[in-house]
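All values below were derived from every heavy atom in this structure, side-chain atoms included, with hydrogens, water molecules and symmetry-related copies excluded.
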Amino acid sequence: MAAALAAQPPQSAEAKIAMGWLHTAKFLTTAPELKHLPVYEFPEIAFVGRSNAGKSTCINTLTQINRLAFASKTPGRTQSINLFSLGKQGVTDAVLADLPGYGYAAVPKAAKYRWQQVMGNYLQTRDNLKGVVLLCDPRLGLTELDEILLDVIRPRVEEGLKFLVLLTKSDKLNKTEAAKALSIVRLQAGGGDVKLFSALKRQGVEEVAQHLWQWAHPPVKPDKTAKVVTTPPPEEESESGEA
């Protein structure tokens with residue numbers, strides 16, 4: 001373990017900031033229905049994916065907090081949106097939303113349908129939603145349910161919603177398999193941003209952290225409409241003292 005850590009390149013300044021920011025994560029609330037979600041203006045970043053895609057592990061790895069996001073022993077049984085606040089010195093500046101995993105076969109059809117509606121409404125109507133992270137097992141690729149989710153958010157992505165697909169458990173792939181998985185999912189995702197992620201080997205952790213930091217803290221664009229007012233130089237007096 002020590003040798004593996006020593007082999008890792010040093011963190012960049014931006015990576016340190018992003019990782020430190022994510023480490024401030026705290027449980028905020030849980031909402032079984034959309035009407036129970038709090039209303040605020042902080043940017044919200046949602047994590048979505050099939051059951052067993054490694055969503056909870058990904059969140060815990062990024063925040064460096066064990067069991068912040070709780071993985072149920074019975075996949076598909078967690079049916080609430082869990083929110084986690086982010087912000088240094090106790091001042092919230094963003095929120096992570098952990099959405100229920102979908103697609104688990106043992107969940108009753110009525111429950112599946114209800115949560116498809118809840119997630120669809122959330123992704124389409126949540127005003128302060130700024131980014132979506134879709135987690136996918138690269139050995140399975142994007143499933144039909146994943147592609148339905150992509151169709152749901154595509155109009156918002158075209159309007160500026162940030163979107164990232166993470167191929168989790170990438171440590172289970174060799175280099176050839178990883179390259180193939182990336183190529184296939186990039187095509188399925190319509191050329192969207194796709195990255196390999198491994199909690200075990202910490203592959204992609206800092207890079208993803210920087211993405212989330214940038215989503216929540218976009219650079220302020222200068223106001224091009226602002227006018228610069230200049231004061232004309234004083235008129236020079238003639239030698240006779242006349243202006």
Side-chain angles (χ1 to χ4, degrees), residues 1-2 4-6 8-32 36-38 40 42-102 122 126 128-137 162 164-172 195-217:
M1 177 64 73
L5 292 174
Q8 293 180 358
Q11 284 185 327
S12 66
E14 187 172 347
K16 287 182 179 180
I17 291 173
M19 292 298 294
W21 171 68
L22 284 170
H23 191 48
T24 66
K26 294 180 181 179
F27 176 76
L28 180 61
T29 189
T30 185
H36 296 134
L37 286 173
Y40 44 71
F42 308 122
E44 198 162 274
I45 299 171
F47 284 72
V48 299
R50 288 175 56 87
S51 300
N52 286 337
K55 184 160 51 65
S56 297
T57 300
C58 176
I59 293 174
N60 293 340
T61 300
L62 288 169
T63 60
Q64 308 151 80
I65 303 173
N66 291 332
R67 297 178 67 82
L68 176 71
F70 180 72
S72 172
K73 292 182 180 179
T74 305
R77 292 298 184 186
T78 303
Q79 299 203 345
S80 294
I81 298 175
N82 295 316
L83 301 181
F84 307 98
S85 64
L86 293 169
K88 295 184 177 181
Q89 298 179 338
V91 180
T92 301
D93 63 6
V95 172
L96 298 182
D98 181 12
L99 273 62
Y102 51 83
Y122 169 86
R126 187 66 167 165
N128 59 320
L129 183 64
K130 299 300 179 185
V132 173
V133 180
L134 171 61
L135 292 99
C136 167
D137 187 328
K162 303 298 183 182
L164 174 65
V165 178
L166 289 187
L167 301 184
T168 59
K169 308 176 185 180
S170 63
D171 51 277
K172 298 182 182 296
K195 297 188 180 299
L196 296 169
F197 187 91
S198 169
L200 181 64
K201 294 187 176 180
R202 296 191 60 78
Q203 180 181 15
V205 173
E206 293 182 7
E207 191 175 2
V208 173
Q210 290 179 69
H211 268 70
L212 304 187
W213 166 264
Q214 291 164 1
W215 290 359
H217 306 86

Taking every non-hydrogen atom, the tightest pair across [X] and [Y]:
X    : Y    : result
T92  : V95  : CG2-CG2, 4.4 Å
S51  : G101 : OG-C, 3.5 Å
C58  : F47  : SG-CE2, 4.1 Å
A209 : L62  : N-CD2, 4.2 Å
A25  : L68  : CB-CD2, 3.6 Å
L134 : Y102 : CD1-OH, 3.4 Å

Is the closest side-chain heavy-atom distance between [X] and [Y] below 4.5 Å?
X    : Y    : value
T63  : F84  : no
T57  : K169 : no
L135 : F197 : no
L86  : F42  : no
L164 : K195 : yes
S80  : H36  : no
Y122 : V48  : no
D137 : N52  : no

When rounded to the nearest 0.5 angstrom, what distance separates [atom1] in [X] from [atom2] in [Y]?
X    : Y    : atom1 : atom2 : result
I17  : L22  : CD1   : CG    : 12.0 Å
E207 : L196 : CD    : CG    : 9.5 Å
I45  : L96  : CD1   : CG    : 6.0 Å
I59  : Q64  : CD1   : CD    : 14.0 Å
I81  : L99  : CD1   : CG    : 4.5 Å
L166 : H211 : CG    : NE2   : 9.0 Å

F27: what forms a ring-ring contact (aromatic ring centres under 6.0 Å, His included) with it, not counting sequence neighbours?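 F27: no ring-ring contact (aromatic ring centres under 6.0 Å, His included) contacts found.
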Without swapping roles, check the side chain of N60 against the backbone of N66 for a donor-acceptor pair under 3.5 Å.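 Not at all, since once roles are kept as given, no pair shorter than 3.5 Å links the two residues.
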Between the side chain of S198 and the main-chain N/O of S170, is any donor-acceptor distance below 3.5 Å?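 Here the side-chain-to-backbone pair does not exist.
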Is it true that atom NZ of K162 has more than 12 heavy atoms of other residues, nucleotides or ligands lying nearer than 6.0 Å?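 No, because the 6.0 Å sphere around NZ of K162 holds 12 heavy atoms or fewer from other groups.
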Can you list every pair that meets salt bridge (Lys or Arg N to Asp or Glu O under 4.0 Å) and has a residue in residues 86-100, with sequence neighbours left out?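 Qualifying pairs: K55-D98.
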Find out whether the Lys NZ or Arg CZ of R126 is both under 6.0 angstrom from the six-membered ring centre of Y40 and within 45° of the ring's axis.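 Yes, R126 sits over the ring of Y40.
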